Protein chains: 4
Amino acid sequence: MFFQIDPRSNTPLYEQIIQQVKEMCMKGVLKPDEKLPSVRELSAQMVINPNTVSKAYQELERQGIIHTLRGRGTFISQDVPTYSDPRRIQEMKQSLKQMIVDARYAGLSKQEILTWLEEFYEEMEGNSDEGPASLKDHS
Amino acid sequence: MFFQIDPRSNTPLYEQIIQQVKEMCMKGVLKPDEKLPSVRELSAQMVINPNTVSKAYQELERQGIIHTLRGRGTFISQDVPTYSDPRRIQEMKQSLKQMIVDARYAGLSKQEILTWLEEFYEEMEGNSDEGPASLKDHS
Amino acid sequence: MFFQIDPRSNTPLYEQIIQQVKEMCMKGVLKPDEKLPSVRELSAQMVINPNTVSKAYQELERQGIIHTLRGRGTFISQDVPTYSDPRRIQEMKQSLKQMIVDARYAGLSKQEILTWLEEFYEEMEGNSDEGPASLKDHS
Amino acid sequence: MFFQIDPRSNTPLYEQIIQQVKEMCMKGVLKPDEKLPSVRELSAQMVINPNTVSKAYQELERQGIIHTLRGRGTFISQDVPTYSDPRRIQEMKQSLKQMIVDARYAGLSKQEILTWLEEFYEEMEGNSDEGPASLKDHS
DNA sequence: GTGGTCTAGACCACT
DNA sequence: GTGGTCTAGACCACC
């Protein structure tokens, strides 16, 4: 399992870790009950501060994506609840809108954006409307 | 012309202003050569510090979206060059990918995302592949 | 006599006028005792505020480049003294140095800069070491 | 590494910092990946406000000259792209032309200007036509 | 009137 | 520790 981190990016390191774990789960690279590297392992491998990895793991646990078994390590969870805070949904819409605005200023056509989107969905498991089976709808 | 700012958002105030101006340009709410409110005016209207507005305006000018006439004010530019830095394009793709991942964790279907996307493109001028006429392709 | 002004430039309008007058003198486009347009004429022609033109003329007069005959108008002076304030010389060196630094960051070679320099000197009168005859050395 | 600032100059403090950093990079005084003094450090050393230093650093980062690692500091970039906006090139030409005009009014000969120019190029790395190796041509 | 610069001082997020 | 953001208030040049 390899993480690709860009230390120069404006998105925080711990955030990049979170995003990559979530993305790998969606792509099926990480499967339920699979063990994640320890904080120390990962921080050594990525040459970053252990606190940064720790912060990422804590946030992932808070979101229910992963869970830790004392003395055994941290693992990918099954049955991740779909939590849909309306505030977060609004943020997503905003993010998409902004992305489109920027894309247009960059000269990218709607078709190009749609192509990207299709690519991403194809990369992910259960590329139907439903998402992966491990997602359990609690709404 | 009204700006809607969320002071509790994690995105900086000046960034929100930038985004709104760009969006209004794309929607045709702001037209080329139209005058923007003065720094003092807008800061008073939004109840924020003039420096914050100024910073937003300067960044917009740097991006070629607006320009200032000394002692007269700031205006929307015509012929905005489509500036496509490969690094920025990568950021956009990343932003889109992340948005999709988050959407799936929120239980949103691909179809819902596509609906949002269509909405946004319809709101904007020249909602075909080409973008508004004021965008001048320099590639 | 035509002035080319860029209202979007970051150099002040009155400064641009000053520069152009000086340049025209150097090129011989404006000759000693030649009459300049009145403030009102020039401001109307350039579609700018008369105060701006007035400010430029005042500064040019202060530098001895032009002089006004009451009721007759303003004229190019003969015998412009070469005033060489060490502080201004330092500014020129600084300006040249900065220009070279920026040119290198823009990928321009030394040879290209030298070509520009030769062009400019050829455009001017008395392109020898001495400058135009109207320059009277008072040092 | 020492910065020399003239608080009485008409060029802004933050601009002077920018110019000095660029110049030091060109002279090889600052090398790729070298750490710059922190904002607080430099502001204390120069006895100016931290915000002023910060503004300079941000502009330098925008130009690709430096980059920041979150929580670690700011560093000189390698592989600075040669960014040649035609508008900026025009400004450089204008700056050179104006400098020459002023020099002639100050009684300086073409030969003196050429001597300055040679000096500056000799001070810089790779004083041939090519510029320093760290400049990466993207044209 | 306009925007641009600078200061002083505060708060925050990230490493 | 680092840089980033924001505020309040001042001064300046330009038009």
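The structure displayed is predicted, hence computed values, not measured ones. Computation of the quantities below employed the complete heavy-atom set of this structure, encompassing side-chain atoms and omitting hydrogens, waters and symmetry-equivalent molecules. Naming: A, B, ... by sequence-line order, numbering from 1 per chain.
More than 12 heavy atoms of other residues, nucleotides or ligands lie within 6.0 Å of CZ in B/R62, so this atom counts as buried by the packing criterion.
Whole-Å rounding puts the D/R40 CZ to E/dC12 C1' distance at 11 Å. Atom-to-atom, CG of A/L13 to P of F/dG3 comes out at 16 Å; the value is rounded to the nearest Å. To the nearest angstrom, P of E/dT5 lies 17 Å from CG of D/D6. We find that CD of B/E15 is positioned 8 Å from P of F/dT5, with the value rounded to whole Å. Between C/R8 atom CZ and F/dC14 atom P the separation is 21 Å, expressed in whole Å. For the pair A/N49 CG and E/dT15 P, the computed distance is 9 Å after rounding to whole Å. For D/E59 and E/dC6, the CD to P distance is 13 Å, given to the nearest whole Å. Atom CD1 of D/I5 and atom P of E/dT5 are 15 Å apart (whole Å).
For B/Y14, whose side chain is taken as the heavy atoms from C-beta onward, the closest listed nucleotide among E/dT15, E/dC6, F/dC6 is F/dC6. Taking only side-chain atoms of B/E61, from C-beta outward, the nucleotide of E/dT5, E/dT15, E/dG4 with the closest atom is E/dG4. For D/E41, taking side-chain heavy atoms from C-beta onward, the closest of the listed nucleotides E/dG3, F/dT2, F/dT7 is F/dT2. Relative to the side chain of D/V39, the nucleotides E/dG4, E/dC6, F/dG3 differ in distance, and F/dG3 lies closest.
In terms of polar N and O atoms assigned as donor or acceptor, the side chain of A/N10 never comes within less than 3.5 Å of the base of F/dG3 in a complementary pairing. Judged by distance alone, with hydrogens and angles left aside, B/R72 brings no side-chain donor or acceptor close enough to the base of E/dG1 to form a pair under 3.5 Å.
Annotation: of the two residues near DNA chain E, B/K35 and A/N51, the 5′-most nearest-nucleotide partner is B/K35. If B/L69 and B/I48 are placed on DNA chain F by their nearest nucleotide, the residue sitting closer to the 5' end is B/I48. In this structure, D/G71 and C/P12 both approach DNA chain F, and ranking their closest nucleotides by distance from the 5' end singles out D/G71. When each of B/T68 and A/K55 is assigned the nucleotide of DNA chain E with its nearest heavy atom, B/T68 is the one assigned upstream, toward the 5' end.
If you check E/dC14 for Watson-Crick or wobble pairing at under 3.5 angstrom, you find it paired to F/dG1.
Distances shown here put every side-chain N or O of B/Y57 at or beyond 4.0 Å from the OP1 or OP2 atom of E/dG3. Close to F/dT2, at under 4.0 Å from its OP1 or OP2, lies a side-chain N or O of D/S38. Contact check, B/Q58 against E/dG4: a side-chain N or O comes under 4.0 Å of OP1 or OP2. Residue D/T52 places at least one side-chain N or O closer than 4.0 Å to OP1 or OP2 of E/dT7.
For A/Q16, the side chain to side chain contact (heavy atoms under 4.5 Å, CB included) criterion is met by A/I5, A/D6, A/S9, A/T11, A/L13, not counting sequence neighbours.
Formation of a donor-acceptor pair under 3.5 Å by the D/Q20 side chain with backbone atoms of D/Q4 is found in this model.
A salt bridge links D/E23 to D/K27: at least one charged side-chain nitrogen sits closer than 4.0 Å to a carboxylate oxygen. Using a 4.0 Å cut-off between charged side-chain N and carboxylate O, A/R87 and A/E91 make a salt bridge.
Looking at heavy atoms from C-beta onward, D/R70 lies in side-chain contact with A/P12 at the 4.5 angstrom threshold.
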